[in-house]
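Following: one structure in structure tokens, then a few remarks.
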Amino acid sequence: MDLSPLQSQLITLKAQKNAVILAHYYQRPEIQQIADYVGDSLELSRKASESNAEILVFCGVHFMAETAKILNPSCKVLIPDLEAGCSLADSCPLTEFIRWKRKYPEHVLVSYINCSAEIKALSDYICTSSNALKIINSIPSDKKIIFAPDRNLGEYLIKETGREMVLWEGACVVHEAFSVQKLIELVRSYPLAKILAHPESKSEILKIAHFIGSTTALINYVVESPADTFLIGTEVGILHQIKELSPDKYLIPIPTEEDNTCACSECAFMKVNTIQKVMDCLQSESNEIILDPMIQCLALIPIQKMLQLS
Ligand code: 13P
Ligand code: SF4
């Protein structure tokens with residue numbers, strides 16, 4: 001792999017500073033190339049909690065960097081761009097959320113990891129897309145459940161577990177945008193292709209998917225599958241890892257409603273991080289994640305429960 005001068009300088013700098021770079025699969029390929037570890041939300045949380053580094057540069061979105069800080073409070077956690085948000089996390093304004101939770105005093109609150117530290121602090125369990133089924137199934141059947149913030153993931157969990165759940169009305173702007181009509185047209189052109197979808201996608205997409213899973217699970221499915229063509233229902237960033245691992249597989253991103261040209265479904269929040277910003281934040285040790293200590297302690301409880309259960 002040929003590295004650019006900036007990538008090479010970054011590798012030297014992180015060694016000098018005893019820093020580790022964690023990157024989500026939706027990050028730009030040039031960031032994934034120099035990361036110490038690339039993974040899904042659950043794997044990155046585990047890596048963050050186990051790290052002995054002095055500095056963690058978290059190349060992902062804000063809630064992921066917050067989770068890293070909660071799990072490894074003595075570590076300095078930096079994010080290349082503090083504006084790297086998430087539409088799901090943004091869909092839960094705290095005051096409104098507290099009002100909603102109060103309506104269900106007898107219910108257990110399960111929150112998808114794509115939420116703020118404050119929402120995590122109010123939750124009984126946290127889950128990610130890779131362990132959500134396991135977490136819901138671990139809750140005694142006599143307990144009622146409220147689930148936030150992703151309505152699509154919530155509906156999928158209701159269908160798979162048969163549990164009744166009250167859902168918060170949040171959605172991911174990227175996964176909501178996939179066009180069912182355009183997917184059906186693609187299936188006509190590629191009848192043997194396998195359809196893969198992240199559970200944040202709409203139920204119409206999930207219904208026709210051959211496989212539903214977290215980003216890591218989708219990548220593993222392609223790599224291990226004997227099929228050669230795949231219609232990919234998640235952010236296009238995962239294509240980088242799949243091409244590294246299985247260069248011969250033919251990958252077609254599922255087009256979005258708006259998109260008539262490139263068929264790219266990019267998360268604008270993830271893409272605000274650039275290799276230059278990774279360098280800048282590590283050099284100046286800026287964009288540090290600082291949390292209220294009380295929120296940090298309370299949020300750790302449901303995250304740890306999740307890690308023990310998964
Ligand atoms: P994963 O945990 O599957 O990587 O998902 C994170 C995410 O934000 C998907 O949009
Ligand atoms: Fe949030 Fe969607 Fe981007 Fe994932 S893809 S970080 S859920 S906005």
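Whatever order the structure lists them in is the order used to number ligands and atoms, beginning at 1. As the structure is a prediction and not an experimental result, all values here were calculated from the model. Numbering starts at 1 and runs along the sequence shown.
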Report task. Check I21, D81, L78 against V278 for a side-chain contact (heavy atoms from CB on, under 4.5 Å) and give me the one that passes. Result -> I21
Report task. Side-chain contact test, heavy atoms from C-beta onward, threshold under 4.5 Å: evaluate it for S4 versus E30 and give yes or no. Result -> no
Query raised in the report: Has E106 got more than 12 heavy atoms of other residues, nucleotides or ligands less than 6.0 Å from its CD?
Result: no
Query raised in the report: Below 3.5 angstrom, do we get any N/O pair linking T128 and ligand 1?
Result: no
Query raised in the report: Which one holds for E235 and ligand 1: side chain close, backbone close, both close, or neither close, with close meaning a heavy atom under 4.0 Å?
Result: neither
Report task. Give the atoms of ligand 1, by number and element, whose distance to some non-hydrogen atom of H175 is under 4.0 Å. Result -> 10 (O)
Requested in this report: Please state which part of Y25 comes within less than 4.0 Å of ligand 1, counting heavy atoms only: side chain, backbone, both or neither.
Outcome: neither
Query raised in the report: Can you list the atoms of ligand 2 that are under 4.0 Å from a heavy atom of L88?
Result: 7 (S)
Report task. For S129, take its heavy atoms, then give the atoms of ligand 1 lying under 4.0 Å from any of them. Result -> 1 (P), 2 (O), 3 (O)
Query raised in the report: Can E176 and K202 be counted as an ion pair, charged N to O under 4.0 angstrom?
Result: no
Query raised in the report: So which heavy atom in the protein is nearest atom 1 (Fe) of ligand 2, and how far is it from that ligand atom?
Result: C86 SG, 2.4 Å
**Report entry** Sub-4.0 Å atoms of ligand 1 with respect to non-hydrogen atoms of S214
**Finding:** 3 (O)
Query raised in the report: Would you say ligand 1 has an N or O under 3.5 Å from any N or O of H24?
Result: yes
Requested in this report: Can you pull out the closest protein heavy atom to atom 6 (C) of ligand 1? Residue, atom name and distance to 0.1 Å, please.
Outcome: S41 OG, 3.4 Å
Requested in this report: Answer yes or no: is there a side-chain heavy-atom contact under 4.5 Å between L291 and E66?
Outcome: yes
**Report entry** Shortest protein heavy-atom distance from atom 5 (O) of ligand 1, along with the residue and atom involved
**Finding:** H198 NE2, 3.3 Å
Query raised in the report: Any chance the side chains of S130 and S214 put a donor and an acceptor closer than 3.5 Å?
Result: no
Query raised in the report: Against heavy atoms of D40, which atoms of ligand 1 measure under 4.0 Å?
Result: 1 (P), 2 (O), 4 (O)
Report task. Any atoms of ligand 1 less than 4.0 Å from a non-hydrogen atom of Y26? List them with their elements. Result -> 7 (C), 9 (C), 10 (O)
Query - Non-hydrogen atom of E235 closer than 4.0 Å to ligand 2 - result: no
Report task. Assess the side chains of Y25 and E235: does a donor N or O sit below 3.5 Å from an acceptor N or O? Result -> no
Report task. Among T215, T234, D40, find the residue that satisfies the side-chain hydrogen bond (donor to acceptor under 3.5 Å, both in side chains) test when tested with Y26. Result -> T234
Query raised in the report: Is there an N/O/S atom in C172 that lies less than 2.8 Å from atom 2 (Fe) of ligand 2?
Result: yes
Report task. Please work out which of the three classes, parallel, tilted or perpendicular, describes the rings of F230 and Y221, given edges at 30° and 60°. Result -> perpendicular
Query - S87 and ligand 2 - part of the residue with a heavy-atom distance under 4.0 Å - result: both
Report task. Starting from atom 3 (Fe) of ligand 2, find the nearest protein heavy-atom neighbour and note its residue, name and distance. Result -> C267 SG, 2.4 Å
Query raised in the report: Does N114 approach ligand 1 within less than 4.0 angstrom via side chain, backbone, both or neither, non-hydrogen atoms only?
Result: side chain
Query raised in the report: Counting only heavy atoms not in D2, do more than 12 fall under 6.0 Å of its CG?
Result: no
Requested in this report: Just say parallel, tilted or perpendicular for the rings of W100 and W168, cut-offs at 30° and 60°.
Outcome: perpendicular
Report summary line: Of all protein heavy atoms, the one nearest atom 10 (O) of ligand 1 is E200 OE1, 2.9 Å
Query raised in the report: More than 12 foreign heavy atoms under 6.0 Å from CG of N52: is that the case here?
Result: no
Query raised in the report: Which ligand 2 atoms, with their elements, are less than 4.0 angstrom from a heavy-atom of Y26?
Result: 4 (Fe), 5 (S)
